[in-house]
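The sequence lines fix the lettering, A, B, ..., with proteins before strands; numbering per chain opens at 1. Predicted, not measured: the structure shown is a model, and the values here were computed from it.
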There are 2 protein chains.
Amino acid sequence: MARAGLSARRLIRAGAELADEVGFDQVTVSALARRFDVKVASLYSHLKNSHDLKTGIALLALEELAERAADALAGRAGKDALAAFANAYRDYAREHPGRYAATRFPLDPRTAAASAGRRHAQMTRAILRGYDLPEPDQTHAVRLLGSVFHGFVSLEASGGFSHSAPDAPETWTWVVDHLDALLRSLRPPGP
Amino acid sequence: MARAGLSARRLIRAGAELADEVGFDQVTVSALARRFDVKVASLYSHLKNSHDLKTGIALLALEELAERAADALAGRAGKDALAAFANAYRDYAREHPGRYAATRFPLDPRTAAASAGRRHAQMTRAILRGYDLPEPDQTHAVRLLGSVFHGFVSLEASGGFSHSAPDAPETWTWVVDHLDALLRSLRPPGP
DNA sequence: GTAAATTGCCTAAAAGGCTTAGGCAATTCC
DNA sequence: GGAATTGCCTAAGCCTTTTAGGCAATTTAC
């Protein structure tokens, strides 16, 4: 009998695609087996269990998102960097809703520490360097940006903005503009 | 055989408690039946299905949250109202994480329209009246506040802020302060 | 107060998901 | 080519959801 050529890597990638198609919480070992036209039990040679699969998808998504954000940031600073970062975030969530949802999958602390999650925080701090904020403002600002980006993207994904004018992209621009203004207002008076 | 005294209302309330204890997506018809020491099939006299149960919990949570927010808002205006509203939101999410998660359960449009969801938006607009914003700024601001509150609360719930100083409440105060400043900066110059 | 109608919880059963155990065939290694 | 390993399989157990049909407890109506 011909082999299907499964591997943890392929399964996780396929799981990510499946997530984008049907939603992250509809990702199931069974559905994945169907997609490879293979019996469910076969997947267990490559995955510990269902939780393991979801963790893998989460790590993949965090990785991809970090890469996009890093690309967006390259060669930019100040408001330019802020806007590029914000857009990278939102665009990823819109193009890959299932993967984006996966980035919210709760990771155990060891896994989280080894994930691309840290890079996200570091990139946010890199953006804020352009605004020259003293501590603890900088940390507060990291959290504010994280909250706004995640909050906006997740409300938009659940359709929260879709039935009223103005449209979501307009608000997004407005939000980024005013976050920039807010951050600039925090910069201590120069020497 | 003695009856257990089930009803849709009781089941939904118990489901909400269960959600707070074990997480909203661990809420299951089976678990609920166990809690009432009743056979699973018995619940189907009171609930259409599992989705129905979750919808019920979501509606209950939206209702409770709206009531708290309304209480918080009573007799306040301006920054005072903003802070009280923000705290009502965050406190509810911290005290009732499962119910809070339920407020994010996707409702079909008809159900959503009849839910307390609208009241939330109206209360946000009520707060913003104190800042006297022209359209479309007001709508953008409604969305900004929604994004920040939801984003912050959900990142805090997933432990995003727990392993670094300063602590989350400090950031929360900072965020509310600076949102207030941002909103004030938008007020058009008076006559 | 009792008979009839309704309601509430039950058993049974089907269908689908997760997971483990153990087996045989395909591949890889020497 | 033979031995060792790997990859997918069958089988089986357990859990959750949902429907169907039944009997007993309660409520309603006389």
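The nearest whole Å value for the distance from the CZ atom in Arg10(B) to the C1' atom in dG8(C) is 13 Å. A straight line from CG of Asp52(A) to C1' of dC18(C) spans 14 Å, rounded to a whole angstrom. Asp25(A) places its CG atom 18 Å from the P atom of dT16(D), with the value rounded to the nearest Å. Rounded to an integer number of Å, the gap from Lys48(A) NZ to dT20(C) P is 10 Å. dG8(C) atom C1' lies 8 Å from atom CG of Leu6(B), rounded to whole Å. In this structure, Lys54(B) places its NZ atom 12 Å from P of dT16(D), rounding to the nearest Å.
For the residue pair Arg125(B) and Thr139(B), a side-chain donor N or O sits within less than 3.5 Å of a side-chain acceptor on the partner. Side-chain contact, Ser164(A) with Arg143(B): a donor N or O sits under 3.5 Å from an acceptor N or O. For the residue pair Asp180(A)/Tyr131(A), the side-chain donor-acceptor check at 3.5 Å is satisfied.
Residues Phe152(B) and Tyr89(B) are not in side-chain contact: their nearest non-hydrogen atoms beyond the backbone lie 4.5 Å or more apart.
Residues from residues 28-47 of chain A that place a heavy atom under 4.0 Å from any atom of DNA chain D, listed by number: Val38(A), Lys39(A), Ala41(A), Ser42(A), Ser45(A), His46(A).
Taking 4.0 Å as the cut-off between side-chain N and carboxylate O, Arg13(A) and Glu64(A) count as a salt-bridged pair.
You'll find the ring centres of Tyr100(B) and Phe24(B) outside the 6.0 Å limit.
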